[in-house]
Amino acid sequence: MKKILFVLVFIRLFLNASAQFPQPPVNQKQLIIETENTALVLSVANNHKLYQVYLGEKLKNSEDYKLLPTLHEAYIPSGTDNLFEPAIKMLHNDGNQSLELLFADEKVTTDGNLITTSILLKDPKYPVEVRLNFTAFQKENIIKTWTEIKHQEKKPVIISNFASSMLHLDADKYWLTQFHGDWAKEMRMEESQLTSGIKTIDSKLGTRANMYQTPVFFLAKNKPADENSGEVIAGTLGWTGSFQMLFEIDNSNSLRMISGINPFASEYHLNPNENFVTPEFLFTFSNMGKGQASRNFHSWARNYGVLDGNGSRLTLLNNWEATYFDFDESKLTELFGGAKELGVDLFLLDDGWFGNKYPRKDDRAGLGDWQETATKLPHGLGYLVEQAEAKGVKFGIWIEPEMVNPKSELYEKHPDWILKLPNRDEHYYRNQLVLDLTNPEVQEFVYKLVDDMLTKNPKISFIKWDCNRMMTNTYSAYLKDNQSHVQIEYVRSFYRVMERLRAKYPKLPIMLCSGGGGRTDYGALKYFTEFWPSDNTDAYERVFIQWGYSYFFPSITSCNHITSMGKQSLKFRTDVAMMGKMGYDIRVKEMTEAELKFSKEAVQNYNRLKDLIWKGDLYRLVSPYEEERAVLMYTSVDKSKSILFAYSLHPRAFGQFSPVRLMGLDANKNYRMEEINKMPNGRSRFMAEGKTFSGDYLMKIGLTLPNNSDLTSAVIEITEAK
Ligand code: GLA
């Protein structure tokens, strides 16, 4: 009897256990998404669901992927058996809130370096299709992923989660590096270990992605992310609006990473047959730390992510910090002379040139009225363009076409063109409001203002496109009952306008700016040649800010201006600006003779070396987050030339920095050292000046750099000696 009881209890326990721990579904078909080094492996199981079985370094034998278990459904829908954060959530016409996604079809297309895998999932009971797309950039080791959602129910369905990407990882520990800040404090890097539950990085700003949080991250497996070793994923979302990146560690210590448009205030009513296309999420996997991940992003961005990424850029003199709103024709033409003297390519006229009924003499009026202020510029823009040309420089101009001051003719004429709540007070930020770009009339207005200006002044060679506020107290008179579409439609409309402008002006350089670095994302950079990283141009601060951006964006996109904001020497400020796309925002006539001579030489050096800086491989050698100095270098692809930048950042008195090992050189080549950007009559304290070393020596022993006292810098040109 006892024996029978024991057997019954055992059977009961066994049945309970198998209900609690069901057998994992069995792999039936592998879908392998690979670049040269990375693999993302999906698998269709015997229950017809799609699973992610692997993400990491590519295996030699693809048969080995078949041994991996099907633990994680690839793109998890809400409402059935999922107990954690879903990738997609849908409310059907009949009130059912569930979605089930089964594998239906797969299509692979190859286009040279790009292999695109498109996987169709269908709900077995409802006419809903979800398409997961992955483009694998073979050489750059970047995977771009986006999702399409469609249905054929009778009426709209409501989608309230719509991830671009869901990725799964398994490790003992996970370390997340995020970048956050505020106006003038962009890209502060912080790393923390993830704990069980959800960590979200997001923004709800509407017109921009970046400000408090930046849509980029590193996720390191098992130990904190290192520059040159360890397994890391680097990810970013190409979306110029509210985003969400969510990291959840579940009960089994597995991590799911969900990235996409922020579902915040954005329930989307999806019409039958409308294709909802999410923005692109871009990621790379590196088993050589953050450095390699950055280089992957840089070469991908130059080849595919940024407008004219392999082209050239114009050096410039901007008048913003030199004059602010206080200028007139004669002041400007004098500045043109300064630009010429420095040897830069272009003069950029910033804010303050427009508005007549409400002249733009500060940021309280005129925004929206894009006519030259007659009292300030009686001869108009055309005259300025001519004058600049006569002085031998090109002319560029600042606009902020998506915004309006309440003190403007535009505001008086078109109150319905403005995003603002009907029953609430207007809420200002920098004394301005956002235009309702979802309204096609507003899109036309923005397009026309740029097009008319360029048609009238075809010699305008550069635009700085600003966007100085986010959405608050938002309501669109145009979208009426669809207020929860405003955030998404705004960004789509912005892209629509840019698409039209780029069709007509495909290569005109346009700087993306948003009250400092509010718009720094690969959604917008398809249409822009460069971005403004921050209104903080203090060179000490800029070392950190530019360092932060360098993890995800190539130096050709980062506009670094030499200004009078910081207290550092002109040399220090110049050297900091030189590590990206260099420009000036300074009164040239206030420079001493020595400073002018130094600056002219620096511009010449820059012109000689800019291609190496923009297109070379970046090696971050010493991080300002780890030492009281920052050292980095760019090396040409053929390893024949490098340029090294070193900045000392408030070291202790009498401190001595140890030699820095270089990277990315050819061990078998010899290299000659030369310090450049020296102040006139300045003696080089660089002990290696003029000497030649083997790449092997430089990478194993390293260089003693000349700058070890407070806020000094050095630029070393490293050339293969034949
Ligand atoms: C923003 C930009 C600045 C400058 C001003 C002009 O703050 O970031 O560079 O153009 O607007 O108002």
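Excluded from the calculations below are hydrogen atoms, water molecules and symmetry mates; all remaining heavy atoms, backbone and side chain alike, are included. Start at 1 and go down the list; that is how both ligands and their atoms are numbered.
D466 OD2, 3.1 Å is the protein heavy atom nearest to atom 2 (C) of ligand 1. Among protein heavy atoms, atom 10 (O) of ligand 1 sits closest to D350 OD1, 2.7 Å. The protein atom (non-hydrogen) at minimum distance from atom 9 (O) of ligand 1 is K464 NZ, 2.8 Å. Counting protein heavy atoms only, atom 3 (C) of ligand 1 is closest to D535 OD1, 3.4 Å.
Here R430 has side-chain heavy atoms under 4.0 Å from ligand 1, and that is the only part of it that gets that close. At a heavy-atom cutoff of 4.0 Å, ligand 1 is contacted by no atom of D363, backbone or side chain.
Between E280 and K526 there is a salt bridge, since at least one side-chain N of the basic residue sits less than 4.0 Å from a carboxylate O of the acidic one. One finds no salt bridge joining K571 and E595 here, because no Lys/Arg side-chain nitrogen approaches an Asp/Glu carboxylate oxygen to under 4.0 Å.
For the residue pair S294 and R620, a side-chain donor N or O sits within less than 3.5 Å of a side-chain acceptor on the partner.
In this structure, NZ on K464 lies 12.0 Å from CD1 on I399, to the nearest 0.5 angstrom.
A cation-pi arrangement, defined by a distance under 6.0 Å to the six-membered ring centre and an angle within 45 degrees of its axis, is present between R542 and W532. A cation-pi geometry, defined here as NZ or CZ lying under 6.0 Å from the six-membered ring centre and within 45° of its normal, does not hold between K394 and F347.
Set against the non-hydrogen atoms of W532, the atoms of ligand 1 under 4.0 Å away are 8 (O), 9 (O). Near G516, meaning under 4.0 Å from any of its heavy atoms, are these atoms of ligand 1: 8 (O). Under a 4.0 Å criterion applied to the non-hydrogen atoms of D351, ligand 1 contributes the atoms 6 (C), 12 (O).
Checked against the 6.0 Å centroid criterion, the rings of Y429 and W183 do not qualify as a close aromatic pair.
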Begin from the C-alpha positions of E389 and K459 and carry the test salt bridge (charged side-chain N to carboxylate O under 4.0 Å, His left out) through to its verdict. CA-CA 9 Å; E389 204 180 33; K459 289 205 172 135; 3.4 Å; yes
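Every N/O-N/O distance between W320 and ligand 1 stays at or above 3.5 Å. An N or O contact shorter than 3.5 Å is missing between C513 and ligand 1 by distance.
For the ligand labelled ligand 1, residue E400 lies outside the 4.0 Å heavy-atom shell.
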